[in-house]
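So the structure is just underneath, and the comments pick up after that.
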Amino acid sequence: MSAFQDGHRRIAEFYDRHYHAGAVAHRPGHALHRLAERLGIQSQQRALDVACGTGEWLAVAAGRGALVSGIDISACALDVCRARLPEGTFAHGVAESLPFPSHSQDLVTCLGSLEHFLDQPAALREMVRVARPDARVVILVPNAGF
């Protein structure tokens, strides 16, 4: 947890105690399957999900043959993710300091989490850093009518 500063530590504790306490693996929704189809995820693509939670999105990507990795601030969520996807690579940490090599990912996603990061510009820089030059980066954030 060396990447955690005091603010990150408090957020991690909140997610572990309240948001992901007793977390279980849920079946991925239809929208995630449509996203994977739209992105054309293929076998052997390296896919990193930033703020992966319990891994619903990564389960869809892995089902299409992607080599999946994820990072999340919640240890509880990662326990579910690791059990669901034992072949994946997962890190307990923050988006502002990704423990993945530069230019190593074919796809980097961050679905509905960017607005929660303490330093959004740093997180974006990290996502760009780990993306290969020809990678796709997909960031989804809620909108006012969501």
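For this chain, numbers begin at 1 and follow the sequence in order.
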Test side-chain contact (heavy atoms from CB on, under 4.5 Å) applied to Thr54 and Cys76, step by step: CA-CA 8 Å; Thr54 58; Cys76 293; over 6 Å; no
From CA spacing to verdict: side-chain contact (heavy atoms from CB on, under 4.5 Å), Leu111, Val141: CA-CA 7 Å; Leu111 309 180; Val141 294; over 6 Å; no
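Cluster annotation: Val138 is not connected to Val130 through the hydrophobic network of ILVMFWY side chains, with a link wherever side-chain heavy atoms come within less than 4.5 Å. Val60 and Leu78 fall within the same hydrophobic cluster, defined by Ile, Leu, Val, Met, Phe, Trp and Tyr side-chain heavy atoms under 4.5 Å apart, directly or through other members. Val68 and Ile71 are not part of a single hydrophobic cluster, where members link through side-chain heavy atoms under 4.5 Å apart. In this structure, Val50 is not a member of the same hydrophobic cluster as Leu140, with clusters built from ILVMFWY side-chain heavy atoms closer than 4.5 Å.
Partners of Val137 according to the side-chain contact (heavy atoms from CB on, under 4.5 Å) rule, which considers only residues two or more places apart in sequence or in another chain, are Val108, Ala131, Ile139. By the side-chain contact (heavy atoms from CB on, under 4.5 Å) test, Thr89 pairs with Ser69, Phe100, sequence neighbours left out. Remark: Glu126 engages Arg129 in a side chain to side chain donor-acceptor pair (under 3.5 Å) (not counting sequence neighbours).
Residues Gly53 and Cys81 come closest through the heavy atom pair O-CB, 3.7 Å. Taking each heavy atom of Ala77 and Asp72 in turn, the nearest pair found is CB-OD1, 4.3 Å. Residues Leu58 and Gly70 approach most closely at CD1-CA, 4.0 Å, considering heavy atoms. Between Arg84 and Gly55, the shortest heavy-atom contact is NH1-C, 3.4 Å.
Sorted by first and then second residue, the salt bridge (Lys or Arg N to Asp or Glu O under 4.0 Å) pairs with a member in residues 98-111 read Asp106-Arg132; sequence neighbours excluded.
Using a 4.5 Å cut-off on side-chain heavy atoms (C-beta onward), Trp57 and Thr109 make contact.
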Enumerate, atom names and distances included, each donor-acceptor pair closer than 3.5 Å involving a side-chain atom of residues 33-48, sequence neighbours excluded.
residue, atom, partner, partner atom, Å
Gln45, OE1, Gln42, N, 2.8

Donor-acceptor list for residues 112-124 side chains, cut-off 3.5 Å, not counting sequence neighbours:
residue, atom, partner, partner atom, Å
Asp119, OD1, Ala122, N, 3.2
Gln120, NE2, Leu114, O, 3.3
Gln120, NE2, Glu115, O, 3.4

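Summarising the geometry, atom CD belonging to Glu96 is positioned 8.5 Å from atom CE belonging to Met127; distances are rounded to the nearest 0.5 Å.
His103 places no side-chain N or O within 3.5 Å of a backbone atom of Pro133 that could act as its donor or acceptor partner.
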